[in-house]
*Asks:* 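Handing you a structure now.
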Amino acid sequence: MLWCCCVKPLTLQFQLQPITTSSFHSNVAKLTVTSSTLSLRPSSLAFKPSLKRASTTIRCSSALTPQLKSTLDKVITSNKIVLFMKGTKDFPQCGFSNTVVQILKSLNAHFETVNIMENDMLRQGLKEYSSWPTFPQLYIEGEFFGGCDITVEAYKNGQLQELVEKAMCS
């Protein structure tokens, strides 16, 4: 009798850092990872594959470490306009990021960009920092302004130009 089982590969990447038991329990977040397993019955029986779902719970700490939060605070408050984006203002790697760059350039805004593609911890931590799940993320005068859709809408109605001019004059 021949049995076989095919398992869909599941890839997870973690950066492990030594932590104490007390800090681990106070800083954990719950993550559920689901994988599919295809089980085949013995070859002597009629071929009838069945799909079973297996669920594993993994606990991991927040990507927004105190050090990352401090760094983000400094970058955002020390620059009048900051765009966290995929790529750079000279070489955007995403259409949404490019749209926001072109809008800011059309307003002659002096702005800094941070390429979130260079660091996964930065990318994940920034999502927690801003409570905003997507990129680009635009900050004006130390405050989160929004992503691409909000920036486009504010550009169309003139609100963005007012905020940029105010930021450049302060």
Side-chain angles (χ1 to χ4, degrees), residues 10-20 22-34 55-170:
L10 176 65
T11 305
L12 295 177
Q13 295 178 348
F14 294 98
Q15 183 176 5
L16 300 177
Q17 298 175 354
I19 56 174
T20 64
S22 61
S23 68
F24 175 80
H25 290 294
S26 63
N27 293 310
V28 292
K30 203 170 200 181
L31 170 68
T32 301
V33 178
T34 304
S55 181
T56 306
T57 300
I58 300 171
R59 294 189 180 272
C60 58
S61 62
S62 169
L64 185 61
T65 64
Q67 298 86 354
L68 179 55
K69 183 181 182 318
S70 174
T71 301
L72 289 171
D73 286 339
K74 287 176 188 172
V75 169
I76 291 168
T77 58
S78 64
N79 295 286
K80 294 180 182 194
I81 302 173
V82 182
L83 180 63
F84 293 90
M85 61 178 283
K86 294 179 181 178
T88 65
K89 66 173 123 182
D90 296 324
F91 189 67
Q93 295 180 350
C94 156
F96 299 111
S97 294
N98 184 50
T99 298
V100 176
V101 166
Q102 295 310 314
I103 287 172
L104 292 173
K105 284 181 175 181
S106 76
L107 296 174
N108 295 317
H110 298 287
F111 64 100
E112 296 300 320
T113 61
V114 177
N115 184 357
I116 56 107
M117 299 300 288
E118 292 178 349
N119 186 309
D120 190 52
M121 286 295 276
L122 168 64
R123 187 168 53 252
Q124 296 307 319
L126 194 56
K127 289 177 184 181
E128 293 176 39
Y129 182 87
S130 64
S131 298
W132 194 260
T134 60
F135 293 96
Q137 293 184 8
L138 179 62
Y139 287 78
I140 301 175
E141 291 193 301
E143 297 291 324
F144 176 66
F145 182 76
C148 182
D149 292 343
I150 291 171
T151 303
V152 168
E153 184 60 33
Y155 176 71
K156 287 178 180 177
N157 68 26
Q159 178 189 12
L160 183 63
Q161 185 172 350
E162 290 176 22
L163 286 172
V164 167
E165 286 175 0
K166 181 181 169 192
M168 301 310 294
C169 291
S170 63

*Asks:* Identify the heavy atoms of A109 and I81 that sit nearest to each other, and give their distance.
*Replies:* CB-CD1, 4.0 Å
*Asks:* Any side-chain to backbone donor/acceptor pair from E128 onto A63? Under 3.5 Å, distance only.
*Replies:* yes
*Asks:* Examine distances only and state if a side-chain atom of K89 and a backbone atom of F111 form a donor-acceptor pair shorter than 3.5 Å.
*Replies:* yes
*Asks:* Do other residues, nucleotides or ligands put more than 12 heavy atoms under 6.0 Å from Q124 CD?
*Replies:* yes
*Asks:* Measuring from I76:CD1 to E112:CD, what's the distance to the nearest 0.5 Å?
*Replies:* 13.0 Å
*Asks:* Specify the closest pair of heavy atoms between L83 and S97, including all atoms of both residues, with the distance to one decimal.
*Replies:* CD2-O, 4.5 Å
*Asks:* Among V101, N98, V100, exactly one meets side-chain contact (heavy atoms from CB on, under 4.5 Å) together with M85. Which residue is that?
*Replies:* V101
*Asks:* Return yes if some donor-acceptor pair links the side-chain N/O of N79 with the main-chain N/O of V82 below 3.5 Å, else return no.
*Replies:* no
*Asks:* Can you confirm whether Q93 is buried at CD, in the sense that more than 12 heavy atoms of other residues, nucleotides or ligands lie under 6.0 Å from that atom?
*Replies:* yes
*Asks:* What residue among Y129, Y139, F84 forms ring pair (Phe, Tyr, Trp, His ring centres under 6.0 Å) with F144?
*Replies:* Y139
*Asks:* I need the minimum non-hydrogen distance between F145 and I150, along with the two atoms involved.
*Replies:* O-CG2, 3.8 Å
*Asks:* What is the distance from atom OG1 of T151 to atom NZ of K156, rounded to the nearest 0.5 Å?
*Replies:* 12.0 Å
*Asks:* When you compare the side chain of L68 with that of L126, does any pair of heavy atoms fall below 4.5 Å?
*Replies:* no
*Asks:* Within this structure, what is the CG-OG1 distance for the pair L122 and T71, rounded to the nearest 0.5 Å?
*Replies:* 9.5 Å
*Asks:* Nearest 0.5 Å please: distance from the CE atom of M168 over to the NE2 atom of H110.
*Replies:* 4.0 Å
*Asks:* Spell out, as yes or no, whether a donor-acceptor pair under 3.5 Å connects the side chain of S106 to the backbone of I103.
*Replies:* yes
*Asks:* Short question: side chain of T99, backbone of G95 - any donor-acceptor pair under 3.5 Å?
*Replies:* yes
*Asks:* Identify the heavy atoms of Q137 and S130 that sit nearest to each other, and give their distance.
*Replies:* OE1-OG, 3.0 Å
*Asks:* With a 6.0 Å cut-off (strictly less than), is the heavy-atom count around NZ of K166, excluding the residue itself, greater than 12?
*Replies:* no
*Asks:* K86 versus I116: any side-chain heavy-atom pair under 4.5 Å?
*Replies:* yes
*Asks:* Give me the atom names and distance for the closest heavy-atom approach of P133 to K127.
*Replies:* O-CE, 3.4 Å
*Asks:* Tell me whether F96 at atom CZ has more than 12 heavy atoms from other residues, nucleotides or ligands lying less than 6.0 Å away.
*Replies:* no
*Asks:* First locate atom OG1 of T77, then atom CG of L72, and finally report the distance between them rounded to the nearest 0.5 Å.
*Replies:* 10.5 Å
